[in-house]
Amino acid sequence: MNITFIFYLYFLVANVFGSFNELNTKEITKKQRPNIIFIMADDHANRAISAYDGSINQTPNIDRLADEGALFLQSFCTNSICAPSRATILTGKHSHKNGVTGNGAPWDGSQTLFPRMFKEAGYETALIGKWHLNSNPGDEFNSWKILMGAGRQGFYYNPLFISNDKGEEIIPGYSTDVVTDEALKWLNNNKGSEKPFLLFVQYKAPHVPRIPALRYLDKYMNDTIPEPETLFDDYSTRSHYATDVNFKMGNYRPVPKIGVKTKRKNIQLERMTEEQLLAYHKSIDPQNEKYYEMKKNGLLEGKNMKKYTYQRFIKDYIRCIDGVDENVGRLLNWLDQNKKLKNNTVVVYTSDQSYFTGEHGYKEKRLMYEDALKMPFLIRWPKKIKPGTRKKELIQNIDFAPTFLDMANIEIPDDIQGNSFLPMLTEEPQTEWRKSIYYHYYDHGKHKVGRHDGVRTERYKLINFYTDDLWELYDLKNDPNEVNNLYGNSESKKVLKELTTELFRLREYYEVPSQVFKAPYVPFRGLPSLRD
Ligand code: CA
């Protein structure tokens, strides 16, 4: 045998085994790495998802994820506003670590972000819809198309987008529909890819100014939507912040009739086409005429005004959610039609935070009370998560990143502050899990919500408005509506001591810098100096 032949034989064998190896690796990679579709709405209250509640509306498509997968009953955010929640989801860290303490805080996209880690691990990644962080994405996704305008909140009609490849463009239609169209387009284009994918679909709705799709404008017109028990909360027993906030269900403010010129421009309505605007006013104007008549006849005095405002508010809110639910249905239908992909695709539905839909007479978020602290979380993973699973463990948005990384078998960085909750969904017996969560709100600005942090356990909640050292303590078992502040109550001394110790422990555990509690806060600028 001459030497050339030996080498030839060697290369032949090495290549054949090499390709087997490659094939095996590919097969294993495909098998072990699920696709993920992360769907997020903006300000969608748990109460307005029928899998959680069902007393005010029905969301059959979103509910499918709970029926066919798992529903988390105690999922919470770390800081209840848009940009901070989004930053926490992407980084797996509390606001003081990722730098986004408030909506105006700068965004450092160069820090470790889980979608970039997916991309580097061979995933095809994309984000479509509301982004809202203060600088555009860079290389953290393979492609992105984000809503622009209205302070990066986006428009409801004929939305403006900016994308990594096309720059700015206006896409005609209704925001929730258009975001889904674009997501389906991406999914169809990506269908032949060998790579697993991670797709973020992020809706603007039902965020203020809550303009529904034309087809939902007249829905619920003659209905009376149930009021929450605390619509007429008197805020007694609580700190002055509960009363001071500027997002109470106040007097209804009607949109001027069609053709009436006003000093202040309505940037959302002026984007509509003539046809859209006519259809909108055809529904709205008669309702407002009725409002002026009721007011003239003294039918909207005192409590009646609040009741009226609530009905107008909640109807637009759930009409916007009808649009979201319908579009979640379109995404799920796509997976139904692409069965091979469906079985290996995780679908998540969440919102950047829940929302006060009249509870305590509010329509906003920010405060650490339950309706703003919560976050809906529904997840489906065929054959991995048992259909109809209900979880009561305390999870938070710091846990999303490590959970997704865990699903994709990507190593979780040590400095991520959350934990993967995948084992509690797929493994028996259940792993140990945290017994308390930490919350911190910084954005002390025009909404008049004082800066506060706090701890919530399964049963209790302690809130500290540290700027003027005010405290609130709630027993959520006996007082689920949080109207009876037990702070200073002699019978609650033991609980207070335990909770205070736990709060101090969590501040240390999550490394909240002590200067936070003393530093003067610049509204809408945040505390950028806190970034490592
Ligand atoms: Ca939000």
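For ligands, and for the atoms within them, numbers begin at 1 and follow the listed sequence. Positions are given from 1 along the sequence.
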For this session: May I ask you to decide whether Asp67 forms a salt bridge with Arg64, counting only side-chain N to carboxylate O separations under 4.0 Å?
Result: no
Problem set entry | Heteroatom test (N, O or S) for His207 near the Ca ion (ligand 1), limit 3.0 Å | no
Exercise. Looking at the Ca ion (ligand 1), is one of the N, O or S atoms of Tyr355 less than 3.0 Å from it?
Worked result: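 Of the N, O and S atoms in Tyr355, none lies under 3.0 Å from the Ca ion (ligand 1), which means no.
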Exercise. Any chance NZ of Lys219 has more than 12 other-residue heavy atoms, nucleotides or ligands included, within less than 6.0 Å?
Worked result: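 Enclosed: over 12 neighbouring heavy atoms sit under 6.0 Å from NZ of Lys219.
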For this session: Would you please classify the geometry between the His452 ring and the Tyr439 ring as parallel, tilted or perpendicular, with 30° and 60° separating the classes?
Result: tilted
Exercise. Once the angle between the rings of Phe421 and Trp433 is folded into 0 to 90°, is it parallel (under 30°), tilted (30 to 60°) or perpendicular (over 60°)?
Worked result: perpendicular
For this session: For the atoms OD1 of Asp43 and OD1 of Asp352, give the angle they form at the Ca ion (ligand 1), rounded to 10 degrees.
Result: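 Vertex the Ca ion (ligand 1), arms to OD1 of Asp43 and OD1 of Asp352: 100°.
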Exercise. Closest N/O/S atom of Asp42 to the Ca ion (ligand 1), by atom name?
Worked result: OD1
